[in-house]
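Read through the structure below, which is laid out as structure tokens, and then see the notes.
These numbers come from a predicted model, not from an experiment. Chain identifiers are assigned alphabetically (A, B, ...) following the order of the sequence lines, protein sequences preceding nucleic acid strands; residue numbering begins at 1 within each chain.
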Amino acid sequence: RNLLPEDARTPPETRGMDAKSVTPGAVALILANPTPESPDDVPEIVVQVLDLKPIGSRFTFMASDGEAKVKAILSTHFASEVHSGKLQNLGLVRILNYTCNDIPQKTDKMVIITKCEVVSQALDAEIKSEVKIEEPAALMKPKEEAAVLSKPIGGAPAAIMLKPRHDVKSASQIVSEQRGNAAPAARLAMTRRVHPLISLNPYQGNWVIKVRVTSKGNLRSYRNARGEGHVFNVELTDEDGTQIQATMFNEPAKKFYPVFELGKVYYISKGSLRIANKQFKTVQNDYEMTLNENAVVEEAEGESFIPPVQYNFVKIDMLGPYVGGRELVDIIGVVQSVSPTLSIRRKIDNESIPKRDIVVADDSNKTVTISLWNDLATTVGEELLDMVDSAPIIAVKSLKVSDFQGVSVSTVGKSTLVINPELPETEKLRAWYESEGKGTALASVGAGMGASNAGGLRSMYSDRVFLSHITSDPNLGQDKPVFFSLYANISNIKPDQTMWYRACTTCNKKVTEALGSGFWCEGCQKNYEQCSLRCTSW
DNA sequence: CCCCCCCC
């Protein structure tokens, strides 16, 4: 392990906002010490930010010391610094902790910055040093690192002496030592450095992560064309807030199901990573993890707590694009009504499942029906029924959006519901409800669509339209009416070739709007309150 | 390798 001697480091008290330039040789310093154990092992490193750009929810840039450059990626939690304008392109940042993403057979190194501070906002130009240096020490193989001597560059520390590390113990080492009876494999894993989740990749398997179980799925069995088996998923979150989904199959699924507990913290090693299928992604990570029988999972004791749930609330009037999709949504709203519990018989196996419908409203001035299932229907639903008169606010995580009644939502196995959550949104909603919502007759988000579609084509979004209960499916032919809803991109609909008209829900013939209300159907010779929307071509 | 999640 490569470390700077104490006197080569800049004392923390001199690390201020006063640095006006980069640390000469900074890139070489980083690459010579690719995985510092803690911020104490990181010398003064100030780099200039070049080519700052977003990649997904994160930002990358080229970290420049005026001479050499290295690709850098900022942990997700620095995104706000960029958005706020504090961290700017051409600005200076002091790197306080980092880890290098070491992909074998790849020459381009990447520094993952886990801690940094802004030293200066954008300078006028890119800093370019006149000094030429030779190959950075970085290109050496790990075994050769032990005796690196860095070159004196400008005003940089004269010599970078390296010493074996024995002075700083990582938390995992301490835990490891306290647990002398751990399995040898586990103990070995523990003595290694804890990697930030963001640094993991499919090409390098030698890591240990320290993560909290922030979602635990059921141990399910499945049967399909490829065979049958058992499967079990967890969502893991590290201290940077990076998340990954881990999957176990068959024996490992059974083995680890009782090991992983919601809210507990674990050291994990010897898992494998693969590119996550975008279609089924439940967390923000390009990769997903598989744990097989060789995986090492060790609880970090004394660190258990139920983490604050991270919500991504969708306003009720914005549920449309999620209809029929796989993406689950979170909703926060005021409970307006709670139905009795019903027993629903599942078609596939005749099993009875308790269900309860509740109606919630939010400050988009819309309501939506939420179907609660199982425990959420019985226990939680009963609690809601008891307090419905006080208009409780609920936060529901992981809801499936369907087109029933135009738009409605339903809990799934992993859904959670919190009554009167301590969130800023709760206060906002309460204020809205008291001042406005309570005294207003709010419409269901699905009203005017679905069975009660009387309004024709509704354009809710700039790039798409919501069509509900179209009575002709172009795949089935005009004469075979079906009922379905969809969101279609406007670009897929050719306005000049498309005729929209209102059709009778009974005979599917064109109807005319009746005087007063409803629709007159010539075919039925009857007045209807509802009609459907039909299109003659796609 | 799952990715289903119930009923109208």
Side-chain angles (χ1 to χ4, degrees), chain A residues 202 215-236 243-257 260 271-295 322-329 339-359 368-378 381 396-417 444 446 449-452 468-469 483-485 505 530:
Chain A
S215 172
K216 179 178 175 177
N218 298 318
L219 179 59
R220 295 188 300 111
S221 53
Y222 65 90
R223 181 198 291 268
N224 61 28
R226 291 199 182 105
E228 56 182 277
H230 293 86
V231 64
F232 163 51
N233 287 303
V234 284
E235 284 171 19
L236 307 172
Q243 298 195 303
I244 196 163
Q245 186 178 75
T247 304
M248 291 140 278
F249 292 97
N250 303 322
E251 285 309 310
K254 291 180 196 163
K255 174 181 164 186
F256 289 121
Y257 183 74
F260 282 122
S272 57
L273 274 84
R274 45 189 288 175
I275 305 280
N277 186 336
K278 274 201 175 68
Q279 211 187 341
F280 304 121
K281 261 204 311 204
T282 56
V283 299
Q284 193 62 43
N285 200 316
D286 293 340
Y287 302 122
E288 61 185 26
M289 183 181 294
T290 304
L291 301 178
N292 63 24
E293 46 278 295
N294 302 321
Y322 297 92
V323 170
R326 290 184 189 274
E327 192 174 349
L328 301 176
V329 301
S339 83
T341 314
L342 297 170
S343 186
I344 302 298
R345 199 169 284 280
R346 191 196 272 154
K347 275 175 181 165
I348 193 161
D349 59 3
N350 264 350
E351 195 184 331
S352 284
I353 311 158
K355 185 195 91 149
R356 200 193 286 263
D357 283 342
I358 62 172
V359 175
V368 70
T369 299
I370 305 180
S371 295
L372 306 176
W373 296 90
N374 298 313
D375 277 356
L376 292 177
T378 53
V396 198
K397 185 155 188 68
S398 303
L399 289 162
K400 195 173 69 114
V401 187
S402 81
D403 69 351
F404 184 65
Q405 289 174 339
V407 178
S408 56
V409 298
S410 174
T411 63
V412 295
K414 64 180 287 192
S415 303
T416 59
L417 188 158
S444 162
M449 307 174 188
S452 59
S468 187
H469 286 209
F483 288 85
F484 66 98
S485 311
T505 47
Q530 300 169 6

field: Distance-only polar pair, side chains of A:S339 and A:R356, donor-acceptor under 3.5 Å
entry: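 No - no donor-acceptor pair under 3.5 Å links their side chains.
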Need one value for [X]: base, sugar-phosphate or nothing, where a base atom within 4.0 Å counts as base even if backbone is also close, heavy atoms only.
| X | value |
| --- | --- |
| A:Q245 | nothing |
| A:N374 | base |
| A:N233 | base |
| A:R345 | sugar-phosphate |
| A:G413 | base |
| A:S371 | base |

Rounding to an integer number of Å, can you tell me how far [X] [atom1] sits from [N] [atom2]?
| X | N | atom1 | atom2 | value |
| --- | --- | --- | --- | --- |
| A:L328 | B:dC6 | CG | P | 11 Å |
| A:K414 | B:dC2 | NZ | P | 18 Å |
| A:R356 | B:dC7 | CZ | C1' | 16 Å |
| A:E351 | B:dC6 | CD | P | 13 Å |
| A:I358 | B:dC8 | CD1 | C1' | 17 Å |
| A:F280 | B:dC5 | CZ | P | 12 Å |
| A:Y222 | B:dC5 | OH | P | 17 Å |
| A:R274 | B:dC3 | CZ | C1' | 12 Å |

- request: Would you sort out whether A:K254 and A:H230 count as a side-chain contact (heavy atoms from CB on, under 4.5 Å), showing the intermediate values?
  value: CA-CA 8 Å; A:K254 291 180 196 163; A:H230 293 86; 3.6 Å; yes
Choose from [options] the nucleotide whose nearest atom is closest to any side-chain atom of [X].
| X | options | answer |
| --- | --- | --- |
| A:K400 | B:dC1, B:dC3, B:dC6 | B:dC6 |
| A:T247 | B:dC7, B:dC2, B:dC1 | B:dC2 |
| A:T290 | B:dC7, B:dC5, B:dC1 | B:dC1 |
| A:R220 | B:dC2, B:dC8, B:dC7 | B:dC2 |

query: Checking A:K400 against A:Y322: charged group under 6.0 Å from the ring centre and within 45 degrees of the axis?
result: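 No.
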- prompt: Are OP1 or OP2 of B:dC2 and a side-chain N or O of A:N224 less than 4.0 angstrom apart?
  reply: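 So the side-chain polar atoms of A:N224 do come within 4.0 Å of the phosphate oxygens OP1 or OP2 of B:dC2, strictly under.
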query: Which sits closer to the 5' end of DNA chain B, A:K347 or A:V412, going by the nucleotide each is nearest to?
result: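 Its nearest nucleotide lies further toward 5', so the answer is A:V412.
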query: Is the A:F232 ring parallel, tilted or perpendicular to the A:F260 ring (thresholds 30°, 60°)?
result: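 Rings of A:F232 and A:F260: tilted, 30 to 60°.
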query: Ion pair present between A:K216 and A:E235, side-chain N to carboxylate O less than 4.0 angstrom?
result: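 The answer is no: the pair does not qualify as a salt bridge.
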